[in-house]
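Before any comments, here is the structure.
Small disclaimer: the values here were computed from a predicted structure and weren't measured. By convention in this document, chain letters (A, B, ...) are assigned in the order of the sequence lines, proteins followed by strands, and residues within each chain are numbered from 1. Values below: every heavy atom of this structure, side chains too, minus hydrogens, waters and symmetry copies.
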Amino acid sequence: QQQVRQSPQSLTVWEGGTTVLTCSYEDSTFNYFPWYQQFPGEGPALLISILSVSDKKEDGRFTTFFNKREKKLSLHIIDSQPGDSATYFCAASHMGYKLTFGTGTSLLVDP
Amino acid sequence: GALVYQYPRRTICKSGTSMRMECQAVGFQATSVAWYRQSPQKTFELIALSTVNSAIKYEQNFTQEKFPISHPNLSFSSMTVLNAYLEDRGLYLCGALGQNTEVFFGKGTRLTVV
């Protein structure tokens with residue numbers, strides 16, 4: 001069974017701090033790894049994504065790292081803001097088809 | 001920018017009745033559309049993957065007879081939930097795959113069955 005494991009389940013950080021979320025996967029054919037941000041009552045919004053040919057992608061305060069050998073990826077949020085409080089999902093797929101989602105991390109940024 | 005609109009945003013239907021939801025990609029051509037259901041516990045289930053001019057592929061536990069999908073062009077898809085019951089409730093999400101692999105989701109249609 002294809003699985004994507006995500007940790008931690010929940011996380012609280014102080015405003016201005018750095019948030020680190022991690023995921024691991026099993027299927028070596030996965031080559032596309034997006035991160036989604038979801039607010040209550042909304043659909044998941046694409047935050048940042050990375051292909052398996054890269055090991056790092058940065059977009060403003062958000063950076064995702066990818067380790068193909070260890071089948072792990074992570075999302076770093078620097079200078080975390082209260083507005084970043086949401087649930088974050090990693091996902092994995094082959095070329096965007098049939099995303100397999102992690103279980104999500106509920107992030108709370110305390111002001 | 002790439003946007004995906006879903007409507008209605010929420011709907012309530014009586015047990016045993018059916019409801020149709022729609023999905024429209026704006027600002028990009030969606031080469032494929034995948035329909036997911038997110039449970040109240042926030043887990044995602046893939047219902048089906050639809051590619052224009054190709055057969056729609058349903059995942060295990062989901063059938064065309066229960067969740068018929070129409071995908072007539074690169075910007076529009078619709079799905080009906082037939083004979084909805086309590087176990088069908090959740091947030092139905094349309095994910096549109098752009099040409100550069102990225103998958104964009106709409107805000108979802110929340111189905112409540114009473």
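- Here the OH-CG distance, from Y36(B) to L49(B), works out to 7.5 Å after rounding to the nearest 0.5 Å.
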Is there a side-chain hydrogen bond (donor to acceptor under 3.5 Å, both in side chains) between Y88(A) and Q37(A)? Walk through the geometry before answering. CA-CA 5 Å; Y88(A) 292 80; Q37(A) 178 189 58; 2.9 Å; yes
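- Of the atoms belonging to T43(B), not a single heavy atom falls under 4.5 Å from chain A.
- Interface summary for chain B: among T103(A), T87(A), L51(A), the most heavy-atom pairs under 4.5 angstrom belong to T87(A).
- Distance CZ/R37(B) to CD/E59(B): 12.5 Å, rounded to 0.5 Å.
- Using a 4.5 Å cut-off between heavy atoms, Y36(A) touches chain B through its side chain atoms alone.
- With a 4.5 angstrom heavy-atom cutoff, P44(A) touches chain B via backbone and side-chain atoms both.
- V33(B) is not connected to F76(B) by any chain of hydrophobic side-chain contacts under 4.5 Å among Ile, Leu, Val, Met, Phe, Trp and Tyr, and they are in different clusters.
- Using a 4.5 Å cut-off between heavy atoms, Q41(B) makes no contact with chain A at all.
- By the 30° and 60° cut-offs, the orientation of the rings of F44(B) relative to F89(A) is perpendicular.
- For R10(B), no part lies near chain A; criterion is any non-hydrogen pair under 4.5 Å.
- Classified by interplanar angle (parallel below 30°, tilted 30° to 60°, perpendicular above 60°), the ring pair Y92(B)/F67(B) is tilted.
- Your options are K57(B), R110(B), Q6(B), Q38(B), and the one with the most heavy-atom pairs under 4.5 Å with chain A is Q38(B).
- Neither the backbone nor the side chain of S93(A) has a heavy atom closer than 4.5 Å to any heavy atom of chain B.
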